[in-house]
Structure formats: structure tokens, C-alpha cells
Trainee: 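Here you go, one structure.
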Amino acid sequence: EAGVTQSPTHLIKTRGQQATLRCSPISGHTSVYWYQQALGLGLQFLLWYDEGEERNRGNFPPRFSGRQFPNYSSELNVNALELEDSALYLCASSLAGKGNYGYTFGSGTRLTVV
Amino acid sequence: DAKTTQPTSMDCAEGRAANLPCNHSTISGNEYVYWYRQIHSQGPQYIIHGLKNNETNEMASLIITEDRKSSTLILPHATLRDTAVYYCIVSPWGSARQLTFGSGTQLTVLP
């Protein structure tokens with residue numbers, strides 16, 4: 001069974017540009033969660049999608065947005081990039097609430113803003 | 001979700017048991033204790049979870065006190081590859097809400 005896959009692995013952008021990060025959940029998982037982890041810091045919750053809908057978002061500005069597609073894959077968009085957006089962005093999927101709990105994380109996308 | 005408190009860091013000798021404590025004094029009756037770990041720059045990995053009984057799997061054992069206000073994750077024979085940040089999280093079973101990760105415990109296994 002394929003795990004959670006994220007692409008790209010690394011992304012370098014210039015301040016002010018837009019970044020798009022992608023996540024494919026484990027087959028059958030309908031919930032996708034996005035987290036930001038800046039260097040040396042903990043995981044900060046960004047967004048949660050389930051069944052195509054945004055269910056919750058963390059304390060991040062509106063320039064962080066995303067969506068979930070009918071196949072449950074997800075996209076995270078970061079507009080007007082700032083230097084402090086440089087971080088590891090992690091995606092996790094789960095069947096939470098449907099009898100099987102526990103997140104499976106991808107390996108992340110390392111975003112560097114220069 | 002209930003808040004957890006963990007030591008910032010711990011060391012353990014290779015081959016010895018690593019015992020990682022977690023306090024969750026405000027845990028509710030329907031909240032489970034979950035443990036994840038994150039090896040440097042990788043995505044966190046699920047380890048184990050439990051409600052009130054002790055649990056064991058191929059990776060670790062989880063001991064939850066009778067009053068459920070604290071728990072201990074035990075890695076029976078720590079190896080260098082167990083060096084990671086270990087997160088203790090409490091959350092209701094079946095809740096689809098996002099898990100909230102605290103600062104965790106940096107476990108360093110020493111040769």
C-alpha cells in the first residue's frame with residue numbers, strides 16, 4: 001500500500017511569488033491535514049480537509065489556502081510568499097472518525113523562500 | 001483537547017529501556033493518549049495509543065496510570081535509530097479534528 005506522497009520534495013521560491021504543494025493520501029483516507037514546521041520549531045496546524053470541504057484552519061493568514069479534490073488528494077497554496085514561510089510542510093491523512101484512527105504523514109515539502 | 005506536559009529532552013544508553021513520561025492531568029473520559037515520534041526532518045510516525053489499559057505493540061509499550069493523569073511510553077531496547085522527538089497527544093477517539101502537537105521530548109540514544 002502506497003503511503004502519503006507529497007510533491008515536490010523541495011521548492012525554492014522568491015519572496016512575493018506563489019507556491020503550490022501537493023499531497024496524495026493513502027487510498028481510502030478521506031481526511032487530509034496540513035502542518036507547517038519551521039526550522040527547530042514544532043508542528044503548527046494549518047488546514048484540515050475532509051470529503052472535499054475545509055473543516056478547520058489554524059492561526060494562519062488567508063494567503064494560506066488549499067483545496068481537496070474528489071479523489072481526496074489535496075493542494076496547499078501559499079500566496080505572496082514571505083521569508084518566514086520557509087519551512088517543512090507536512091501532509092497527513094487519516095480515516096479519523098470512521099473506525100480507524102492515527103495519522104500517516106508524508107515526508108514533506110521543504111519550501112525555501114529567498 | 002487536554003494539554004500534555006513532557007520533559008524537553010532525555011538521554012538513554014543504547015540497549016537500555018527508554019521511559020518517556022507524559023502528564024495529562026486534565027484528560028477527559030473519552031480522550032485517548034497517542035504517541036508519535038519524528039525523526040529529524042521526516043514526517044511524524046504513529047507509535048501507539050491507549051485509553052486506560054496498558055498497551056503493547058511491536059514498537060513500544062504504553063503504561064497509563066489508573067487515574068489516567070499520566071502515562072509512560074517505553075521503548076524496551078533503545079537503538080540509535082530511536083533518536084527522535086516523541087510527542088504525547090490526547091484526543092477523543094473517533095474525532096476527526098486535527099491533532100495538536102506540543103513540543104515533545106527529544107530522546108537521544110547514546111552509544
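Chain identifiers are assigned alphabetically (A, B, ...) following the order of the sequence lines, protein sequences preceding nucleic acid strands; residue numbering begins at 1 within each chain. Note that the structure is predicted; figures quoted are calculated from it, not measured.
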Trainee: Ion pair present between A/Arg63 and A/Asp85, side-chain N to carboxylate O less than 4.0 angstrom?
Mentor: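 Yes.
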Trainee: Fit a plane to each ring of B/Phe101 and A/Tyr35, take the angle between them on a 0 to 90° scale, and name the class: parallel (under 30°), tilted (30 to 60°) or perpendicular (over 60°).
Mentor: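 Perpendicular: the ring planes of B/Phe101 and A/Tyr35 meet at over 60°.
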Trainee: Measure distances from A/Leu43 to the heavy atoms of chain B and classify the residue's part below 4.5 Å as side chain, backbone, both or neither.
Mentor: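 For A/Leu43, backbone and side chain are both near chain B.
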Trainee: Which bit of B/Tyr32 comes within less than 4.5 Å of chain A, counting heavy atoms only: side chain, backbone, both or neither?
Mentor: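 Contact with chain A involves no heavy atom of B/Tyr32 at all.
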Trainee: If you look only at distance, which donor and acceptor atoms sit under 3.5 Å apart when one is on a side chain in residues 105-114 of chain A and the other is two or more places apart or in another chain?
Mentor:
from	atom 1	to	atom 2	distance (Å)
A/Thr109	OG1	A/Pro8	O	2.6

Trainee: Heavy-atom cut-off 4.5 Å, strictly under: side chain, backbone, both or neither for A/Gln37 against chain B?
Mentor: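 Answer is side chain: those atoms of A/Gln37 sit under 4.5 Å from chain B.
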Trainee: List for me each residue that meets salt bridge (charged side-chain N to carboxylate O under 4.0 Å, His left out) alongside B/Glu14, sequence neighbours excluded, and say none if there are none.
Mentor: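 B/Glu14 satisfies salt bridge (charged side-chain N to carboxylate O under 4.0 Å, His left out) with no other residue.
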